[in-house]
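Every chain is numbered from 1 and lettered A, B, ... according to where its sequence line falls, protein lines coming before strand lines.
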Amino acid sequence: DTAVSQTPKYLVTQMGNDKSIKCEQNLGHDTMYWYKQDSKKFLKIMFSYNNKELIINETVPNRFSPKSPDKAHLNLHINSLELGDSAVYFCASSQIPGTHNIQYFGAGTRLSVL
Amino acid sequence: AQTVTQSQPEMSVQEAETVTLSCTYDTSESDYYLFWYKQPPSRQMILVIRQEAYKQQNATENRFSVNFQKAAKSFSLKISDSQLGDAAMYFCAYRRGSQGNLIFGKGTKLSVKP
């Protein structure tokens, strides 16, 4: 019964390809996030959606496009992949307002661009 | 802009001993939350402990406790009776108000020696 699940766990692809990472949460939360963790382990917010609406969009190349078909899903599509996109991408969710306001994370997707 | 600083890239502790991880943050907000997350080699992000800024009492979760010094903008994590399973990256994180993304420090890698 994984609360926040991401697929795939690992993604190896060639430069220039387009790929998607899927995220689903079964916690009934209304806010979802994408974070990027670089090779130095630094975690940074990319996007946040609340009830399918974009509320945070950090300075991210427009090759990255999040899509939220419903409040339980937030997918990340990346066009024209570059070497620098190699990282671990984490999806997270929280309930706002809600008990403890805790963000729950998925297990991460390790993207390797060759 | 809010920032989170973890000044110890790596720390080491003997099993059963106590270790303190440092974190300072910078904000002009009065309503915020602070968190410590643990990331073991499995890369799953696990919430260790959280602190609401309006609460003076330091949060405690079993062997984990914090020393929250609001005026000094300091939020250190103390791990008592360290166990081998505590070995991981530890991230300090800040969130403004009851919603929004987490802002992470660069992490501290904790090693536990048997």
Side-chain angles (χ1 to χ4, degrees), chain A residues 2-6 8-10 23 25 27 29-51 53-60 66 74 87-112, chain B residues 1-11 21 23 25 29 31-55 59-61 64 66 87-111:
Chain A
T2 305
V4 182
S5 60
Q6 296 178 227
K9 278 195 168 183
Y10 299 93
C23 179
Q25 53 95 3
L27 297 166
H29 290 167
D30 55 13
T31 303
M32 296 184 72
Y33 311 81
W34 277 110
Y35 290 87
K36 178 181 179 180
Q37 186 173 40
D38 64 22
S39 59
K40 295 183 179 179
K41 301 287 188 182
F42 185 54
L43 275 151
K44 191 174 180 183
I45 185 71
M46 298 175 70
F47 301 102
S48 173
Y49 270 72
N50 179 261
N51 277 319
E53 287 192 21
L54 181 66
I55 57 173
I56 294 174
N57 184 355
E58 290 296 305
T59 307
V60 176
L74 180 61
V88 179
Y89 293 85
F90 285 95
C91 177
S93 74
S94 67
Q95 183 64 26
I96 297 169
T99 306
H100 304 310
N101 296 304
I102 295 169
Q103 289 190 18
Y104 295 87
F105 284 78
T109 296
R110 180 177 294 280
L111 172 64
S112 299
Chain B
Q2 295 89 5
T3 58
V4 177
T5 302
Q6 292 179 250
S7 58
Q8 306 152 318
E10 294 188 26
M11 290 284 284
L21 308 184
C23 174
Y25 58 95
E29 303 289 335
D31 178 24
Y32 56 89
Y33 295 76
L34 297 164
F35 305 83
W36 279 98
Y37 278 87
K38 169 185 177 181
Q39 187 179 40
S42 67
R43 83 169 179 247
Q44 179 72 53
M45 294 290 288
I46 302 165
L47 179 68
V48 175
I49 200 164
R50 62 185 280 274
Q51 174 83 43
E52 297 92 333
Y54 63 84
K55 286 188 178 178
T60 299
E61 288 287 342
F64 299 87
V66 298
M89 283 289 289
Y90 285 82
F91 293 95
C92 179
Y94 164 100
R95 189 185 69 228
R96 178 173 62 96
S98 60
Q99 58 182 307
N101 57 287
L102 294 169
I103 298 171
F104 287 92
K106 292 189 175 182
T108 297
K109 183 177 181 180
L110 177 67
S111 302

Check: A:Gly108 main-chain N/O paired with B:Gln44 side-chain donor or acceptor under 3.5 Å |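 Checked: no pair found.
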Taking the side chain as C-beta and beyond, is there a heavy-atom pair between [X] and [Y] under 4.5 Å?
X	Y	answer
A:Phe90	B:Gln39	yes
B:Lys109	A:Lys41	no
B:Leu102	A:Tyr35	yes

Pick one of side chain, backbone, both or neither for B:Met45, based on which atoms fall under 4.5 Å of a heavy atom in chain A.
-> both
Starting at [atom1] of [X], measure out to [atom2] of [Y] and round the result to the nearest 0.5 Å.
X	Y	atom1	atom2	answer
B:Leu47	A:Phe105	CG	CZ	9.5 Å
B:Asn101	A:Thr31	CG	OG1	11.5 Å
B:Arg43	A:Gln37	CZ	CD	9.0 Å

Is there any residue in residues 3-11 of chain B with a non-hydrogen atom under 4.5 Å from a non-hydrogen atom of chain A, and which ones are they?
->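 Near chain A, by residue number: none.
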How close do A:Gln103 and B:Tyr37 get, heavy atom to heavy atom, and via which atoms?
->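 It is O-OH, 2.8 Å.
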What are the two closest heavy atoms between B:Phe104 and A:Leu43, and how far apart are they?
-> CD1-CB, 3.6 Å
